[in-house]
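Step one of this worksheet: look at the structure below.
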Amino acid sequence: MNRNLMSVARKALTKVHSPNSPATNNKLFVAGLSWSVDERSLKDAFCSFGDVTEVRILYDKDSGRSRGFGFVSFCKEDEAVSAKDAMDGKALLGRPLRISYALERARGGPVVLPRLPNGGR
DNA sequence: GTTGAGCGTT
């Protein structure tokens, strides 16, 4: 009879983490940043929560200023979650931060064309 | 000297 209670108890203790909700990665999408924030300040603000392996802020090539959002990668997801849980909703340089998990994005450039087997001849 | 939702190469 204890088996049933065990099953129920174990179920209650089991983490109800949705298997189809991988809304967690070691990459964090940080938005709401001030237009004066740079990667160094962002890393310095997040490196205290874990080991930051990558920090990327998006800039505008027309105005030369930051787009107001960037990406922060951690060595472990646990650190990223802690950082998000700790810095999400907080404020940096006078502006509130909006942190979310980054989506996978191909890197390299806006477009890449493979060389044709024709050799250009 | 400005503005403020977002998911990627300035």
Side-chain angles (χ1 to χ4, degrees):
Chain A
M1 304 335 181
N2 289 359
R3 304 295 177 91
N4 289 337
L5 290 176
M6 194 79 169
S7 188
V8 175
R10 195 164 69 102
K11 204 165 227 185
L13 292 175
T14 299
K15 188 199 289 184
V16 265
H17 187 265
S18 305
N20 57 354
S21 294
T24 60
N25 7 346
N26 50 324
K27 223 155 301 179
L28 251 52
F29 169 75
V30 183
L33 295 173
S34 183
W35 298 319
S36 303
V37 170
D38 52 10
E39 299 176 347
R40 191 188 66 180
S41 301
L42 200 63
K43 182 185 188 278
D44 182 71
F46 279 84
C47 75
S48 301
F49 299 95
D51 299 313
V52 179
T53 58
E54 185 70 33
V55 178
R56 182 59 69 101
I57 296 184
L58 279 295
Y59 290 89
D60 183 71
K61 54 187 175 177
D62 293 329
S63 66
R65 293 181 185 177
S66 66
R67 294 184 183 180
F69 71 95
F71 299 89
V72 178
S73 303
F74 285 85
C75 187
K76 301 173 187 175
E77 291 186 11
D78 183 67
E79 298 173 342
V81 174
S82 299
K84 175 183 179 296
D85 182 67
M87 293 295 294
D88 184 24
K90 297 303 181 291
L92 185 63
L93 296 189
R95 269 319 194 218
L97 264 54
R98 297 177 36 171
I99 307 179
S100 320
Y101 299 98
L103 309 173
E104 319 83 45
R105 185 61 173 176
R107 43 185 180 78
V111 59
V112 53
L113 295 179
R115 201 173 303 272
L116 294 179
N118 212 337
R121 194 171 63 81

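For the numbers below, each heavy atom of this structure counts, side chains included, while hydrogens, waters and symmetry mates do not. It should be emphasised that the depicted structure is a prediction, and the values quoted were computed from it without experimental measurement.
- Contact check for A/Phe29 versus A/Phe69: side-chain heavy atoms found under the 4.5 Å cut-off.
- Straight-line distance from the CG atom of A/Asp60 to the C1' atom of B/dT2: 15 Å, rounded to whole Å.
- For the pair A/Arg40 CZ and B/dT10 C1', the interatomic distance rounds to 18 Å; values are reported in whole Å.
- A/Leu92 and A/Ser34 make their closest contact through O-CB, 4.3 Å (heavy atoms, listed as atom of the first residue, atom of the second, distance).
- Looking at every heavy atom in both residues, A/Val37 comes nearest to A/Ile57 through O-CD1, 4.0 Å.
- To the nearest angstrom, C1' of B/dT10 lies 10 Å from CZ of A/Phe69.
- With distances taken from any side-chain atom of A/Ser34 to the nucleotides B/dA5, B/dG4, B/dT10, the minimum falls on B/dG4.
- Within the 4.0 angstrom heavy-atom criterion, only backbone atoms of the sugar-phosphate kind lie near A/Leu58; the bases stay farther away.
- No contact: A/Ser66 has no heavy atom under 4.0 Å from any strand.
- Regarding A/Tyr59, its OH atom lies at a distance of 8 Å from the C1' atom of B/dT10, rounded to whole Å.
- Residue A/Arg56 has its side chain nearest to B/dT10 when only B/dT10, B/dC7, B/dA5 are considered.
- Contacts of A/Arg67 with the nucleic acid, taken as non-hydrogen atoms under 4.0 Å apart, include base atoms.
- If you measure from atom CG of A/Leu93 to atom C1' of B/dG4, you get 15 Å, rounded to the nearest angstrom.
- Mapping A/Gly32 and A/Lys61 onto DNA chain B via the closest heavy atom, the residue that lands nearer the 5' end is A/Gly32.
- As a whole-Å value, the separation of A/Leu42 CG from B/dG8 C1' is 14 Å.
- Centre separation under 5.5 Å together with a plane angle under 30° does not hold for the ring of A/Phe29 and the six-membered base ring of B/dG6, so they are not marked as stacked.
- Separating the OH atom of A/Tyr101 from the C1' atom of B/dG6 is a distance of 18 Å, rounded to the nearest angstrom.
- Contact detail for A/Ser36 and A/Ser66: the closest heavy-atom pair is N-OG, 4.3 Å.
- Separating the CH2 atom of A/Trp35 from the P atom of B/dT2 is a distance of 8 Å, rounded to the nearest angstrom.
- A distance of 5.5 Å separates CZ in A/Phe46 from CG in A/Leu97, rounded to the nearest 0.5 Å.
- For A/Arg65, taking side-chain heavy atoms from C-beta onward, the closest of the listed nucleotides B/dT3, B/dG6, B/dC7 is B/dT3.
- Counting any heavy atom pair closer than 4.0 Å across all strands shown, A/Ser73 reaches no nucleic acid atom.
- Comparing B/dG4, B/dG8, B/dA5 by their closest approach to the side chain of A/Arg95 singles out B/dG4.
- As judged by a 4.0 angstrom heavy-atom cut-off over every strand, A/Ile99 is placed among residues making no nucleic acid contact.
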